[in-house]
Q: 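Here you go, one structure.
Chain A is the first sequence line, chain B the second, and so forth, proteins listed ahead of strands; every chain is numbered from 1.
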Number of protein chains: 2
Amino acid sequence: MICGMSEPAAAESRDDGDLQPEADVFARRCTSRATLQTVTGRWGILALAALSEGSYRFNALRRRVDGVSERMLSQTLQALERDGLVHREVLEAIPPRVEYSLTPLGIEVANRLLDLIELVESHMPEVHAAQQDYDARRRRPL
Amino acid sequence: MICGMSEPAAAESRDDGDLQPEADVFARRCTSRATLQTVTGRWGILALAALSEGSYRFNALRRRVDGVSERMLSQTLQALERDGLVHREVLEAIPPRVEYSLTPLGIEVANRLLDLIELVESHMPEVHAAQQDYDARRRRPL
DNA sequence: CGGGATCCGAGACGATACTG
DNA sequence: CAGTATCGTCTCGGATCCCG
């Protein structure tokens with residue numbers, strides 16, 4: 001089973017969404033849902049999208065992803081590295097130098113994200129119109 | 001400019017990421033980033049993915065998206081409706097009946113999300129292997 | 001330069017109760 | 001059935017200080 005999250009001794013197989021042969025994001029405890037979150041999280045998307053342009057050093061990436069704090073970028077990169085999407089290479093030098101780049105899987109994921117980003121960006125006028133429409137209708141329900 | 005968020009009287013144009021002719025998720029205050037978050041948020045993805053299977057009523061959708069609370073589903077659907085991705089239709093009847101479905105734009109977005117979901121699900125074995133590798137290396141740094 | 005450790009507020013989230 | 005309201009919890013995320 002792909003969905004399994006081998007927890008030491010908590011909540012054994014009384015669930016039904018746990019015995020599936022394949023990953024299913026709709027199942028509550030499926031690990032694919034967690035992975036999807038690290039990928040689509042607030043900073044995960046942007047980090048992957050930025051790294052799809054090429055490798056970055058920590059602070060360069062921080063400047064590229066406008067608004068991210070050191071802490072969150074560090075956390076995000078660790079999560080992405082753990083899931084095998086980002087490769088971290090420490091270059092022995094003074095001052096320290098660390099290069100981040102995408103793994104093959106990371107590239108695949110990033111490509112999908114870029115598709116999505118491009119789609120959303122190109123349709124922002126529609127979205128803004130819908131928002132104004134919605135907000136107007138909510139102030140005067142009818 | 002697409003990135004603009006017309007705020008009454010706060011933080012005028014001393015920013016640089018605000019005068020662009022196009023949307024850019026990398027810019028801190030770009031509205032496309034917010035939209036991307038409602039779309040890729042924890043429940044947003046799953047709601048859109050579920051609705052790509054066809055229209056759903058509120059509680060049916062709640063059952064489909066395993067683990068979501070009434071509150072969060074309601075919030076998520078409102079955000080998606082506001083951005084013009086989900087259509088909400090109230091059928092006058094007793095008991096009340098509300099159908100949720102995707103708009104044309106919502107379908108486009110959902111398709112991209114399904115691509116991403118499928119990719120992630122199919123690579124979960126790789127991800128799990130990477131995680132175990134990472135965790136093992138962190139316990140014994142070298 | 002590339003982070004880790006800590007503190008703390010804001011918002012996400014879930015459970016429950018209530019309404020039309 | 002389809003939500004809203006309220007509350008308490010808990011994680012996210014920013015600011016700051018610190019170290020190699």
Q: CD of Q75(A) versus P of dG4(C): gap in Å, rounded?
A: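 It is 10 Å, rounded to the nearest whole Å.
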Q: Quick check on DNA chain C: between E70(A) and G67(B), whose nearest nucleotide comes earlier from the 5' end?
A: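 Checking each residue's closest nucleotide, the 5'-ward one belongs to E70(A).
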Q: Assign G41(A) to base, sugar-phosphate, or nothing according to its heavy-atom contacts below 4.0 angstrom with the strands shown.
A: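 Nothing, no heavy atom under 4.0 Å.
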Q: Looking only at the side chain of F58(A) (C-beta and beyond, no hydrogens), which of the listed nucleotides dA2(D), dG14(D), dG2(C) gets closest?
A: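 Out of dA2(D), dG14(D), dG2(C), the nucleotide with an atom closest to F58(A)'s side chain is dG2(C).
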Q: In whole Å, what is the span from the CZ atom of R71(B) to the P atom of dG8(D)?
A: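 In whole Å, dG8(D) P lies 14 Å from R71(B) CZ.
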Q: What is the distance from CG of L73(B) to C1' of dA15(C), rounded to the nearest Å?
A: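 Going from CG in L73(B) over to C1' in dA15(C) covers 16 Å.
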Q: Ignoring the backbone of V98(A), work out which of dG14(D), dG3(C), dC1(D) is nearest its side chain.
A: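 Ranking dG14(D), dG3(C), dC1(D) by closest atom to the V98(A) side chain puts dG3(C) first.
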Q: Using the six-membered ring of Y56(B), assess whether NZ or CZ of R64(B) lies under 6.0 Å from its centre and within 45 degrees of the ring axis.
A: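 The answer is no; the distance or angle limit is not met.
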Q: Within the structure, does a side-chain N or O atom of Y100(B) lie under 4.0 Å from either OP1 or OP2 of dG3(D)?
A: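 Y100(B) to dG3(D) OP1/OP2: side-chain N or O found under 4.0 Å.
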Q: Between R97(A) and E92(A), is there a salt bridge with N-O shorter than 4.0 Å?
A: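 No, no charged N to carboxylate O under 4.0 Å.
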Q: Kindly point out which of dG4(C), dG2(C), dG13(D) is positioned nearest to the side chain of S74(A)?
A: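 The listed nucleotide nearest to S74(A)'s side chain is dG4(C).
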Q: Which one, dG2(C), dG3(C), dG3(D), comes nearest to the side chain of R88(A)?
A: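 The closest nucleotide is dG3(C).
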Q: Does dA2(D) have its OP1 or OP2 closer than 4.0 Å to a side-chain nitrogen or oxygen of R57(B)?
A: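 So the side-chain polar atoms of R57(B) do come within 4.0 Å of the phosphate oxygens OP1 or OP2 of dA2(D), strictly under.
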Q: Just how far, in rounded Å, is C1' of dG3(D) from CD of E81(B)?
A: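 Interatomic distance, CD of E81(B) to C1' of dG3(D): 13 Å.
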Q: Quickly work out the M72(A) CE to dA10(C) P distance and round it to whole Å.
A: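 It works out to 17 Å between those atoms.
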Q: Using a 4.5 Å cut-off on heavy atoms from C-beta on, say whether the side chain of S74(B) contacts that of F58(B).
A: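 In short, these two side chains touch, coming nearer than 4.5 Å.
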Q: Does R57(B) qualify as a cation-pi partner of Y100(B), given the criterion of NZ or CZ under 6.0 Å from the six-membered ring centre and within 45 degrees of its axis?
A: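 No, R57(B) does not sit over the ring of Y100(B).
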Q: Between dG14(C), dT4(D), dG2(C), which nucleotide gets closest to the side-chain atoms of Q78(B)?
A: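 The answer is dT4(D), which lies nearest to the side chain.
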Q: Write down the atom of L61(A), the atom of A50(A), and the distance for their closest heavy-atom approach.
A: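 Shortest heavy-atom contact: CD1-CB, 3.6 Å.
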Q: Roughly, in whole Å, what's the span from CG in L91(B) to C1' in dG20(C)?
A: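 After rounding, the reported distance stands at 16 Å.
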Q: Would you kindly give the CD1-to-P distance between I94(A) and dC19(D), to the nearest whole Å?
A: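 Distance check: I94(A) CD1 to dC19(D) P gives 18 Å.
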Q: Please report, rounded to the nearest Å, how far the P atom of dC1(D) is from the CG atom of L61(B).
A: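 Going from CG in L61(B) over to P in dC1(D) covers 14 Å.
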